[in-house]
**Q** 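Please read through the structure below; I'll follow up with questions.
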Amino acid sequence: MLRWTRAWPLPYRGIGLSSSSFSRLPIALSSSQGGTEPRPLASPSGSDLSPTLDPPARPVPLSYKFLDGEAASPPLVFLHGLFGSKTNFNSIAKALAQQTGRRVLTVDARNHGESPHSPDMSYEAMSKDLQDLLPQLGLVPCVLIGHSMGGRTAMLLALQRPELVERLIAVDISPVETTSSSNFPNYVAAMRAVDMANEASLSSARKLADERLRSVIQSASMRQFLLTNLVEVDGRFVWRLNLDALAQHLDKILDFPARQETYSGPTLFLRGGNSQFLPPSHYPEIRRLFPRAQMQTVPNASHWVHSDRPQDFMAAVQGFLA
């Protein structure tokens with residue numbers, strides 16, 4: 001029997017509109033054994049650190065969902081891309097848990113979904129969040145499956161802490177800069193420009209936001225994806241994404257930290273056949289950092305491989321696990 005457990009959700013009233021602090025911090029329930037022992041969430045504020053130095057990344061308590069299964073096999077851990085959330089993988093996570101019998105974890109990255117906001121949006125910080133969370137939940141070593149931004153987070157974690165990663169799947173992303181193939185800076189700017197202050201309902205706020213975004217984002221499906229981040233906070237309609245942090249660090253998100261170490265575990269780079277994010281010119285750098293990397297293409301899929309071709313995506317994952 002499948003059983004979802006999850007971290008206690010961060011209420012939007014607690015998040016407020018600040019990108020770096022919280023008025024209230026909730027308690028998260030441990031999901032590793034389905035128990036009820038509470039663990040307090042630490043504040044992500046770094047007010048005691050010197051502003052003149054680059055402090056080490058402080059982990060924030062990520063929101064997650066856990067699907068229980070057999071403990072004999074490494075669990076599957078899904079990391080979403082920019083503007084996404086753990087719900088992007090709900091149906092796939094459930095299907096793979098049923099088909100493989102494995103435990104499955106889906107996670108909200110910092111500044112996304114129900115996870116806390118933080119001014120730090122580096123891959124080092126996102127990797128540190130997982131280095132803190134996964135051992136707490138007893139989910140190491142694991143199979144890391146990351147899409148886009150989540151794929152780069154997964155890559156960095158595998159390079160930094162290879163003992164935590166049994167194998168790695170990076171979905172339509174590489175350790176090579178992708179600014180030229182991305183419209184994401186325009187998306188962030190368009191979302192920040194939307195003013196929903198006078199809207200009376202969520203539906204009217206989404207309608208207004210859709211109209212404002214249409215001039216920049218022609219794809220209706222992309223606009224609908226972004227609109228899943230529109231929420232009500234204390235009677236106001238706002239983006240649950242920390243757009244200020246995303247805008248400030250977007251150049252880092254669209255690149256990958258320079259690394260010299262390698263990850264020698266089994267690795268799959270899964271690309272969409274219609275996507276420009278993972279061209280053959282990136283393969284040499286992939287093989288330098290991930291010497292056991294395999295390349296596989298899902299035909300007729302865009303950058304959002306798992307959304308466009310879910311059955312093909314799951315078949316590729318299961319083939320790699322076999």
**Q** How would you list, by chain and number, every residue that makes a salt bridge (charged side-chain N to carboxylate O under 4.0 Å, His left out) with Arg214, sequence neighbours excluded?
**A** Asp210
**Q** Kindly indicate, with the supporting measurements, whether the criterion ring-ring contact (aromatic ring centres under 6.0 Å, His included) is fulfilled by Tyr283 and Phe269.
**A** CA-CA 10 Å; Tyr283 292 0; Phe269 282 80; 8.5 Å; no
**Q** So that I can tick it off, tell me whether Lys86 and Asp108 are bridged by a salt bridge, with the cut-off set at under 4.0 angstrom between side-chain N and carboxylate O.
**A** yes
**Q** With a 4.5 Å cut-off on side-chain heavy atoms, are Leu241 and His112 touching?
**A** yes
**Q** Would you find a donor on one side and an acceptor on the other, under 3.5 Å apart, between the side chain of Asn183 and the backbone of Asn186?
**A** no
**Q** Crowded around Glu70 CD? As in, over 12 foreign heavy atoms under 6.0 Å?
**A** no
**Q** His147 side chain to His303 main-chain N or O, any donor-acceptor pair under 3.5 Å?
**A** yes
**Q** Could you check Arg110 against Ser115 for side chain to side chain donor-acceptor pair (under 3.5 Å), going step by step and ending with a plain yes or no?
**A** CA-CA 5 Å; Arg110 59 171 54 205; Ser115 283; over 6 Å; no
**Q** So, does Asp132 use its side chain to make a donor-acceptor pair with the main chain of Pro59 at under 3.5 Å?
**A** no
**Q** When you measure from the side chain of Ser302 to the backbone N and O of Trp304, does any donor-acceptor pair fall under 3.5 Å?
**A** yes
**Q** Classify the side-chain pair Ser118/Asp120 by whether it contains a donor and acceptor separated by less than 3.5 Å.
**A** no
**Q** How would you list, by chain and number, every residue that makes a salt bridge (charged side-chain N to carboxylate O under 4.0 Å, His left out) with Asp172, sequence neighbours excluded?
**A** none
**Q** Quick check against the 3.5 Å criterion: does Ser201 have a side-chain atom that pairs as donor or acceptor with the backbone of Ser204?
**A** yes
**Q** Hey, mind stepping through Met149 and Arg152 against side-chain contact (heavy atoms from CB on, under 4.5 Å) and telling me if it holds?
**A** CA-CA 5 Å; Met149 179 187 77; Arg152 284 193 171 135; 5.9 Å; no
**Q** Would a distance-only check, ignoring hydrogens and angles, find a side-chain to backbone donor-acceptor pair under 3.5 Å from His249 to Pro119?
**A** yes
**Q** Strictly below 4.0 Å, N to O, side chains only: are Arg212 and Asp195 in salt-bridge contact?
**A** no
**Q** Run the side chain to side chain donor-acceptor pair (under 3.5 Å) check on Gln160 and Glu261 step by step: do they pass?
**A** CA-CA 8 Å; Gln160 291 178 321; Glu261 66 270 56; 6.0 Å; no
**Q** Hey, does the Lys NZ or Arg CZ of Arg167 hover above the aromatic six-ring of Phe320, less than 6.0 Å from the centre and inside 45° of the axis?
**A** yes
**Q** Of Val238, Leu230, Leu202, which is the lone residue that meets side chain to side chain contact (heavy atoms under 4.5 Å, CB included) with Met196?
**A** Leu230
**Q** Under a 4.0 Å threshold between the charged nitrogen and the carboxylate oxygen, would Arg161 count as salt-bridged to Glu163?
**A** yes
**Q** For atom CD of Gln260, decide whether the heavy atoms of other residues, nucleotides or ligands shown that lie under 6.0 angstrom number more than 12.
**A** no
**Q** Taking the side chain from Arg223 and the backbone from Gln218, do they hold a donor-acceptor pair closer than 3.5 Å?
**A** yes
**Q** Decide yes or no on side chain to side chain donor-acceptor pair (under 3.5 Å) for Thr228 and Gln224, but give the supporting numbers first.
**A** CA-CA 7 Å; Thr228 62; Gln224 290 305 307; over 6 Å; no
**Q** Just by distance, do the side chain of Trp239 and the backbone of Arg192 share a donor-acceptor pair under 3.5 Å?
**A** no
